[in-house]
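To start, the structure itself, in structure tokens.
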Amino acid sequence: MAEQPITPVRRAGRPRIVAAAVESARRTATIRTLNQVVAAGGSALLVTADSLERPEDLAPEVEMLDLSATERRLGLNRLLTRDPARLLARFRGTRISGPSPAWVVVRRSKPYRMIRPWLLWRALRRHLAEVRIGDVDHVIIVHQNSWPIAWQLHRRNPAVSIAYEVPAEVWERAGRPVPPPPSVPA
Amino acid sequence: MTALPHVLLLGMQFPPARGSGVYRIRGWANHFARRGFAVTVLAADTDFWYQRAGVLDEELERTVDPRVRVVHVKVAREHLVNRVGEMSWAHANFPRLWTKSHQKFRESIFPEVYSPMLPQFVARGAAIHAKHRVDLVFATGNPYTQYGAAYQLGRLLRRPYVVDYHDPWTLNPLTESDVFSPADPESVWERRIIENAALTVTVNDPLAEWYRDRYPAARDRLRVVENGLAEDVVGEVPWREPEPDRPVRFGFVGTVRADLPIEEYLDGWTLARKEPELADATMDFYGYLGFFTQNEAMIRARIETGVEGVSYRGPVSQTRLAETYAGLDALAMLLPSSIYMTAGKGYDYMAAGRPILGIHDPRNHTTKVFENYPLFFGVPAVTPEAIRDVLVASARAARTQTHEQYEVCRAEALRHTWDLNMQPVSDEVKELIRG
């Protein structure tokens, strides 16, 4: 069934910003921006896909969603990550660590990298409750690979704007003063 | 159906598109129509220009001769979309796959970003020819893809074609150096296009010499058609007696390109404002900010830096140039400094009959265009001090200008109209058609 665009229901005065940071590019700047969003009274969600721990410098008010576990459970990925030899080893009580070799090969392959941004959107679709599309005002993109998530969120909520930073209009729409650009540590 | 010689003009940037190139394309269309040709223009659809530039110049469109037939082609544009929300599903969801495959597709057609337009223009040109025999194909660029389309149409229809380089392609006029190596597809295509063209036209002598040196096989078929004044559109700017007690009003009228020496000019302006001749003087910038919406804020910020007396007044259609000039005492012509560049706006400035400041390196070909204009104040070098000096000199000239000087300036402008400049080439086009 085709998904219908939703009618945005926005909490007055509290912009919600989603950063589609599925690549490590511009991570430090993105974290700085999201910290500033929550400090200025907004709400923020950092979407990643690199299985890393929550960054220490990310403000506690910023929500974080890592898609890598969901990515491994998508369609054929589930088979690749469930290596029979590893299952057998686990059954025998042998300690196994790291991802399955097949998954590592596929994950690094050029064809997979070409479609991965879209697969990550498919993964995010399973977490729409956490995204709260109806509340989202703006999506920060960090790389070409952020485009599918940004485009799909915009399609579902046409009020969502997309840019590499948080434009002043987002704050103006929410009736809040525009915060100064995030300061860069010397 | 008509017996008039039929010129198919490939002019993607045709009014209501805006930008510095549209005046020359309109100039060719109107000139051919006035000289008894049937003219069909292949242009991009107006939505394309609205999406790219954010604005259309409908007043300029009304200055197109009604005998000119304009056929709008819905040109491929998905690869030019840079707002994620406006992209197609495939482009946004598989960005690397889409971008790489589209790039390969484009490169297979023609080495320019607008290349998907080439088969569209060829198909539409052939369809027009099927209904109304085309006698000559005339392409004016950029986009340079139109030259490729002219070459293909020339072969397909077995008709001569003319290419008009109002912007050079393989030469960077700013650095005055080659953009591509001889083996690059751009160089190969340009050689093929020029060597097979019936005529190649360019805008000034230095450029024509460059082409003659580069393509000796086409040396005899190189022509110069300078840009010109559309005297019927710009109209007459009325003479007004100088008012020595009023602050002098300077103005720039034209597209404010990112490569203009804005900072140098404003530094010179700040120095000049300390001189008594420029007490309370004003400097108004009129015109579009760059060619595409994404550059506007950056260019505007470079003008509006809080320098006293300086304002940005927004764009002006060419149809309103006379009234804009009438509110100014002297015109500042900021240009990039290059031997290969001639300012199209310079011909309109002349029509104002006012002092004109040439803010560019004297090597710029515009200096030669103004050699007989009595109230031209060119800088010897683009430095704040030199700019200050010409501002002061032109302010004095504006306050002491006589009606006779105004008449001489106007007469000089009328020696540079589009029709006068284009006539020798349109005569040759007639001969080419006659065979």
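Keep in mind the model is a prediction, meaning the values are calculated, not measured. No hydrogens, no waters, no symmetry mates; every other heavy atom, side chains included, goes into these values. Each chain gets a letter, A, B and so on, in the order its sequence line appears, and its residues count up from 1.
For CZ of B:R83, the number of neighbouring non-hydrogen atoms (other residues, nucleotides, ligands) closer than 6.0 Å is 12 at most. Within 6.0 Å of CZ in B:R320 there are 12 or fewer heavy atoms belonging to other residues, nucleotides or ligands. The number of heavy-atom neighbours closer than 6.0 Å to OH of A:Y164, taken from other residues, nucleotides and ligands shown, is above 12. The neighbour count for B:E304 CD, taken as heavy atoms of other residues, nucleotides or ligands under 6.0 Å away, is above 12.
For the pair A:Q152 and B:W89, the minimum side-chain heavy-atom distance is below 4.5 Å.
If you measure heavy-atom distances from A:I141 to chain B, the contacts under 4.5 Å come from the side chain alone. At a 4.5 Å heavy-atom cutoff, B:S101 makes no contact with chain A through either its backbone or its side chain. Looking at A:R113, the atoms closer than 4.5 Å to chain B (heavy atoms on both sides) sit in the backbone and in the side chain alike. For A:I162, the part lying under 4.5 angstrom from a heavy atom of chain B is the side chain only.
A:W147 contributes no side-chain N or O that, together with a main-chain N or O of B:P95, makes up a donor-acceptor pair within less than 3.5 Å.
Of the inter-residue distances, the one linking B:K100 atom NZ with A:K110 atom NZ reads 5.0 Å to the nearest 0.5 angstrom. Taking CD of B:E86 as the start and NE2 of A:H154 as the end, the distance is 7.5 Å to the nearest 0.5 Å.
Contact between B:R96 and A:N145 at its shortest, heavy atoms only, is CD-OD1, 3.8 Å. Pairing each heavy atom of A:A150 with each of B:V84, the nearest pair is CB-CG1, 4.3 Å.
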